[in-house]
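Chain A is the first sequence line, chain B the second, and so forth, proteins listed ahead of strands; every chain is numbered from 1.
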Protein chains: 2
Amino acid sequence: METTWAHQLRQAGLRVTRPRLSVLSVLAEHPHADADRIVTGARELHPSLSPQAVYGVLKALVAVGLARRIEPAGAPALFELRVGDNHHHLVCRSCGAVADVDCAVGAAPCLSPSDTAGFVVDEAEVVFWGLCSTCRSEDRQVLATGTPAQAQHHNRGGTRA
Amino acid sequence: METTWAHQLRQAGLRVTRPRLSVLSVLAEHPHADADRIVTGARELHPSLSPQAVYGVLKALVAVGLARRIEPAGAPALFELRVGDNHHHLVCRSCGAVADVDCAVGAAPCLSPSDTAGFVVDEAEVVFWGLCSTCRSEDRQVLATGTPAQAQHHNRGGTRA
DNA sequence: CTGTTTTCTTGACTGAGTCAAGACAAGGCG
DNA sequence: CGCCTTGTCTTGACTCAGTCAAGAAAACAG
């Protein structure tokens with residue numbers, strides 16, 4: 001497995017370094033991690049790793065197509081290793097948890113707008129907003145308990161599938 | 001026209017103030033403006049207007065449903081007055097220009113994911129990424145002239161429909 | 001093993017947006 | 001019409017995510 005990362009890096013023309021392998025391994029474990037979580041996770045494998053190094057690694061991985069960057073509105077960017085299949089995302093309004101959804105309609109751009117207004121479209125990005133099952137039950141509990149405080153972002157950047 | 005804004009504000013339970021009317025009028029002229037452009041534009045009507053006031057006004061307008069906030073990846077948030085019809089957006093990768101697209105499939109959520117992974121979805125947000133006609137011709141020109149520099153973001157936050 | 005080139009570390013910096021305290025204005029009431 | 005309350009705006013400090021740049025370190029070709 002780890003060896004596979006090395007191969008993929010080399011094939012992409014990137015050197016195989018500990019920071020890169022660490023970041024890849026964190027991404028494999030946490031399929032929708034933000035930069036901060038990646039720093040924390042990768043430091044278990046490479047304690048001296050700096051945030052800037054992670055930003056650099058992520059930029060490189062995205063540039064060669066080994067990772068993909070997604071930016072749900074109002075949250076820091078998330079990164080995932082699932083690339084090349086133009087899948088979409090479910091995002092929880094309450095906790096920020098993200099889940100993958102296979103693209104129903106074949107290859108990118110899986111949808112086409114009715115009127116392109118002169119644009120040449122190459123990708124359709126779809127984000128489904130809603131509440132994950134955990135937050136729904138929490139909200140019910142909150143209501144049942146009588147606590148009126150409205151649900152806020154409890155634990156941003158979740159990775160629960 | 002201006003009077004209509006006043007009515008809408010009052011109906012929403014907001015006081016009618018010069019900053020709010022100025023922001024609304026800028027949004028009417030520039031249907032996809034970012035905060036910065038709104039500050040600049042609104043200052044023509046109300047020179048002492050501060051950026052923070054604009055942030056406050058925008059937050060209030062969004063909260064009462066008079067405006068909608070969109071956040072294309074990699075760009076500052078944009079605001080629009082077209083609300084309540086769950087339409088979607090075309091975004092130019094090169095200059096950031098945004099155009100509206102009517103939602104092909106009825107009311108929100110106009111799409112439903114195949115597998116909701118336990119989420120309860122209430123909105124499907126769609127962004128079509130591509131190149132606007134202007135940037136396409138510019139890029140062709142660049143190629144024709146032999147300049148190898150790849151197209152970057154020339155003029156973010158455009159409002160061209 | 002050595003040299004070249006990429007990559008990482010360290011640290012300063014930017015841009016977008018938030019938070020908080022006090023000044024000011026909108027509009028209800030007398 | 002003018003005062004008073006309350007919501008809104010101004011001013012200014014601050015946060016968070018991410019970028020830029022210079023030098024140190026590590027990868028890999030030979």
Protein-nucleotides 26-28 of chain C N/O pairs closer than 3.5 Å?
residue : atom : partner : partner atom : Å
C:dA26  : N3   : B:R15   : NH1          : 3.2
C:dG27  : OP1  : B:R10   : NH1          : 3.3
C:dG27  : OP1  : B:V16   : N            : 3.0

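- A:S48 has no side-chain polar atom (N or O) that falls below the 4.0 Å cut-off from OP1 or OP2 of C:dC8.
- Applying the salt bridge (charged side-chain N to carboxylate O under 4.0 Å, His left out) rule to pairs touching residues 52-68 of chain B yields B:R68-B:E80, sequence neighbours excluded.
- One interatomic measurement links the two molecules: CD1 of B:I38 to P of D:dC9, which rounds to 14 Å at whole-angstrom precision.
- Screening residues 11-23 of chain B for side-chain hydrogen bond (donor to acceptor under 3.5 Å, both in side chains), with sequence neighbours left out, gives no hits.
- In this structure, A:L58 atom CG and C:dC8 atom P are separated by 11 Å, rounded to whole Å.
- Residues forming a side-chain hydrogen bond (donor to acceptor under 3.5 Å, both in side chains) with A:E71 (at least two apart in sequence, or on another chain): A:R69.
- B:L21 and B:A6 make their closest contact through CD2-N, 4.1 Å (heavy atoms, listed as atom of the first residue, atom of the second, distance).
- Applying the side-chain contact (heavy atoms from CB on, under 4.5 Å) criterion to B:V120, with sequence neighbours excluded, gives A:R136.
- The ring pair (Phe, Tyr, Trp, His ring centres under 6.0 Å) check on A:H46 picks up nothing, with sequence neighbours excluded.
- Here the CZ-NE2 distance, from B:F128 to B:H89, works out to 11.0 Å after rounding to the nearest 0.5 Å.
- Five base pairs at each end of the helix from C:dC1-D:dG30 to C:dG30-D:dC1 define two local axes, and these are offset by 30° (rounded to 10°).
- Rounded to a whole Å, the NE2 atom of A:H46 is 10 Å from the C1' atom of C:dT9.
- B:S50 meets the side-chain contact (heavy atoms from CB on, under 4.5 Å) test with B:Q52, B:A53; sequence neighbours excluded.
- Rounding to whole angstrom units, CH2 of residue A:W5 and C1' of D:dA27 are separated by 21 Å.
- Residues passing the side-chain contact (heavy atoms from CB on, under 4.5 Å) test with B:A63, sequence neighbours excluded: none.
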Would you tabulate the pairs of protein nitrogen or oxygen atoms and nucleotide nitrogen or oxygen atoms of nucleotides 18-22 of chain D closer than 3.5 angstrom?
residue : atom : partner : partner atom : Å
D:dG18  : OP1  : A:A77   : N            : 3.1
D:dG18  : OP2  : A:Y55   : OH           : 3.3

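- When all heavy atoms of A:L66 and A:L81 are compared, the closest pair comes out as O-CD2, 3.6 Å.
- We find that CG of A:L9 is positioned 18 Å from P of D:dA26, with the value rounded to whole Å.
- With sequence neighbours excluded, the residues satisfying side-chain contact (heavy atoms from CB on, under 4.5 Å) with A:V39 are A:R43, A:P51, A:V54.
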